[in-house]
Amino acid sequence: MSVSVIPRRRQVLQAGAVGLAVLATGCASVSSSAKPRVVVVGGGWGGLGAVRGLLAAGGADVTLVEPNEGFMSCPLSAHFIAGFQPASDFQRSYARIDQLGARRVRERVTGIDRAKREVVTTTQRLGYDFLVLSPGVEYMEDGIQGYAEARAQLPVGFRAFEQMAVRQQVDQFLAQGGNFVISAPKPPYRCPPAPYERAFLIAEQMKQRGTKGKIILIDANPNPMPLPIAKPILNGMKSLYAAQIEYMPEVDIRAVDMGRRQLATSAGDIPFAHANLILPMRAPAMIRQAGLGERWAAVKLPSFQSQADERVYVIGDSQGTPLPKSGHVAFGSGQQVAEAILGRITGKAAAPSAGAVDLPLGICWANVTHKEAININVTSSVAPGEAPRLKFTVDPEHNARSGAAATSWGNGMWKAMLG
């Protein structure tokens, strides 16, 4: 499967005229002798989409703030978690970003000073003319009583490099057996198909290795999410893993007792040997600290500009729209925002559109086996004054063609980001 650059859409630059007016009046001055400064926070799919778009045009001084020395993909990493592939298959270096001329700051952001237009890190303050935030997610640990105390023993694994700790849990389970609990929270959360995909691939390893035990998949929802994938997901459970997976829909986890290795749920107490509790999620604390939103950042579509600050764009999984929280959408929105910022810098921003505007395409894959997957495509658009409209196109059942396409898609996307 070939991967093309996300289509550029002139309509998405609707905020450009406003931005140029601000520049002209001097309310947010940009030195005429230097390139405008763009700071991108987060070196994942969204942040890299923005960085690559900005660097390709060469019209901005780009700084990437990312605490990790390298990149690890969350999409497709279930193959590593379940023991089918090495971690190196999903890791890449940021060397290409350095070569293209970005300044890379390997520090954590401790705050955002919007009044001074500065990003505050552990050692410095980075001034910006435009700010792109793609910091991912944080976990709402207070959603399950006792989780915070058990954090080290119950890794979630929905952020880069956390998959290593989940892999250790899975390896122990496959060697020892028993009950392995995986949970799925109510949306919105990063990559809704992921809990089911993890369960499938671990169950496949159980069958291959003869592991005694079962996976208990506790779902806070009445059906696998998002709803358009429910039928092929349930079919995969029934046709392939009826003996390995016990599915428990509409069950809430209330508390965890690691001493007794027991979960208190709305369906009663459930003992476990190992568990991968996938918690409810929200945008990182920097979003709330900067006054950009509560659970998720409040943004305007189609521009992804903050509702509170037109100099700030929020993309990826931190933004609070109905768009899928997926890697492909994050990358596409990053490219889109890069184009919008460059339009504001050069004065070539397009006028607002009077009709519906296409939003970044969502492409996702849910592997049911290591070689077979369900393809999920999401197209979306938004018209002025209306909520976004989403359309799902989903494989009716898992198949080898989609399994191969998922790998090809991943390789193509990683090359677009870091190749």
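- Taking the ring centroids of F80 and F90, they lie at or beyond the 6.0 Å cut-off.
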- Message: Show, in sequence, the C-alpha distance, side-chain angles and deciding distance for Q172 and H274, and conclude whether the side chain to side chain contact (heavy atoms under 4.5 Å, CB included) test is met.
- Response: CA-CA 8 Å; Q172 291 174 14; H274 303 281; 3.3 Å; yes

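- Remark: of the listed residues V39, V51, L100, V51 is the sole one forming a side chain to side chain contact (heavy atoms under 4.5 Å, CB included) with V62.
- Between H398 and N235 there is a side-chain heavy-atom pair separated by less than 4.5 Å.
- A distance of 11.5 Å separates CD of Q169 from CG of L174, quoted to the nearest 0.5 Å.
- Atom CD1 of I202 sits about 9.5 Å away from atom CE of M206, to the nearest 0.5 Å.
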- Go through the steps for W365 and E197 under the test side chain to side chain contact (heavy atoms under 4.5 Å, CB included), then give the verdict. CA-CA 9 Å; W365 313 85; E197 180 181 56; 5.5 Å; no

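- Residue-environment remark: NZ (K238) stays at or below the threshold of 12 foreign heavy atoms within 6.0 Å.
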- Message: Run the side-chain hydrogen bond (donor to acceptor under 3.5 Å, both in side chains) test on Q163 and S77 for me, step by step, so that the C-alpha distance in whole Å, both residues' side-chain angles and the decisive distance to 0.1 Å come before the verdict.
- Response: CA-CA 8 Å; Q163 301 99 322; S77 66; 3.2 Å; yes

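- With hydrogens and angles disregarded, a donor-acceptor distance shorter than 3.5 Å links the side chain of N367 to the backbone of T369.
- Annotation: the span from L48 atom CG to Q335 atom CD amounts to 11.0 Å, rounded to 0.5 Å.
- Q289 places a side-chain N or O within donor-acceptor distance of the main-chain N or O of I112, the cut-off being under 3.5 Å.
- Using a 4.5 Å heavy-atom threshold, the side chains of I218 and I270 count as touching.
- Side chains of W409 and I363 form a contact here, defined as non-hydrogen atoms less than 4.5 Å apart.
- With sequence neighbours excluded, the residues satisfying side chain to side chain donor-acceptor pair (under 3.5 Å) with E69 are R104, R106.
- Using a 4.0 Å cut-off between charged side-chain N and carboxylate O, R37 and D61 make no salt bridge.
- Between the Q319 side chain and the G316 main chain, a donor and an acceptor come within less than 3.5 Å of each other.
- A tilted orientation is assigned to the rings of F71 and W45, their planes being inclined by 30° to 60°.
- With hydrogens and angles ignored, the 3.5 Å screen pairs a side-chain donor or acceptor of R261 with a backbone N or O of A273.
- Of the possible donor and acceptor atoms, one in the side chain of N399 sits under 3.5 Å from a partner among the backbone N and O of E397.
- Side-chain N or O atoms of E107 include none that pairs as donor or acceptor with a backbone N or O of P67 at under 3.5 Å.
- The minimum heavy-atom distance linking A264 with D269 is given by the pair CA-OD1, 3.6 Å.
- For the pair Q305 (side chain) and K300 (backbone), a donor-acceptor distance under 3.5 Å is absent.
- Summarising the geometry, atom OH belonging to Y189 is positioned 7.0 Å from atom CD1 belonging to I278; distances are rounded to the nearest 0.5 Å.
- Shortest non-hydrogen contact noted between G157 and Y139 is N-OH, 3.9 Å.
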- Going through the checks in order, is the side chain to side chain contact (heavy atoms under 4.5 Å, CB included) test met by R282 and E294? CA-CA 8 Å; R282 63 187 175 193; E294 290 303 321; over 6 Å; no

- Worked verdict on D89 versus H79 for side-chain hydrogen bond (donor to acceptor under 3.5 Å, both in side chains): CA-CA 10 Å; D89 283 359; H79 296 279; over 6 Å; no

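- A salt bridge links R151 and E141; the closest N-O separation between the charged side-chain nitrogens and carboxylate oxygens is under 4.0 Å.
- Scanning all heavy atoms of the two residues, the minimum distance from R117 to D129 falls at NH2-OD1, 3.8 Å.
- Between the CG atom in D317 and the OG atom in S326 there is a gap of 7.5 Å [rounded to 0.5 Å].
- Shown here are the side chain to side chain donor-acceptor pair (under 3.5 Å) partners of Y247, two or more places apart in sequence or in another chain: D219.
- Remark: R108 CZ is loosely packed, at most 12 non-hydrogen atoms of other residues, nucleotides or ligands lying under 6.0 Å away.
- Residues V109 and V120 are not in side-chain contact: their nearest non-hydrogen atoms beyond the backbone lie 4.5 Å or more apart.
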- Query: Passes side-chain hydrogen bond (donor to acceptor under 3.5 Å, both in side chains), T211 versus Q205? Steps please.
  - Reply: CA-CA 8 Å; T211 301; Q205 288 282 32; over 6 Å; no

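- At least one side-chain heavy atom of L263 sits less than 4.5 Å from a side-chain heavy atom of L277.
- The closest side-chain heavy-atom distance from R52 to I97 is below 4.5 Å.
- More than 12 non-hydrogen atoms from other residues, nucleotides or ligands lie less than 6.0 angstrom from CZ of R125.
- Salt bridge present: E162 and R159 bring a charged side-chain N and a carboxylate O closer than 4.0 Å.
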- Query: Between E138 and R295, is a salt bridge (charged side-chain N to carboxylate O under 4.0 Å, His left out) present by the stated rule, with each step listed?
  - Reply: CA-CA 10 Å; E138 72 176 26; R295 182 174 180 184; over 6 Å; no

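- The shortest heavy-atom contact between Y128 and R114 is OH-CA, 3.8 Å.
- S402 and D395 share a side-chain donor-acceptor pair at under 3.5 Å.
- D113 places a side-chain N or O within 3.5 Å of a backbone atom of K116 that can act as its donor or acceptor partner.
- Taking the side chain as every heavy atom from C-beta outward, R389 and V382 never approach each other to under 4.5 Å.
- Shown here for Y196 and A184, the closest heavy-atom pair between the two residues is OH-CB, 3.9 Å.
- Atoms CG and CD, from L217 and E246 in turn, are 10.0 Å apart once rounded to the nearest 0.5 Å.
- S318 approaches P284 most closely through the heavy-atom pair OG-CD, 3.4 Å.
- Residue Q307 places its CD atom among more than 12 non-hydrogen atoms of other residues, nucleotides or ligands, all under 6.0 Å distant.
- Remark: the backbone N or O of P155 is paired with a side-chain donor or acceptor of N276 at under 3.5 angstrom.
- You'll find the side chain of P192 reaches within 4.5 Å of the side chain of P226, heavy atoms only.
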- Message: Evaluate F173 against F180 for ring pair (Phe, Tyr, Trp, His ring centres under 6.0 Å), listing each step before the verdict.
- Response: CA-CA 7 Å; F173 165 69; F180 189 105; 5.1 Å; yes

- What do the steps show when you test F84 against K371 for side chain to side chain contact (heavy atoms under 4.5 Å, CB included), and what is the final call? CA-CA 10 Å; F84 285 103; K371 297 293 187 181; over 6 Å; no

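- S266 places a side-chain N or O within 3.5 Å of a backbone atom of D252 that can act as its donor or acceptor partner.
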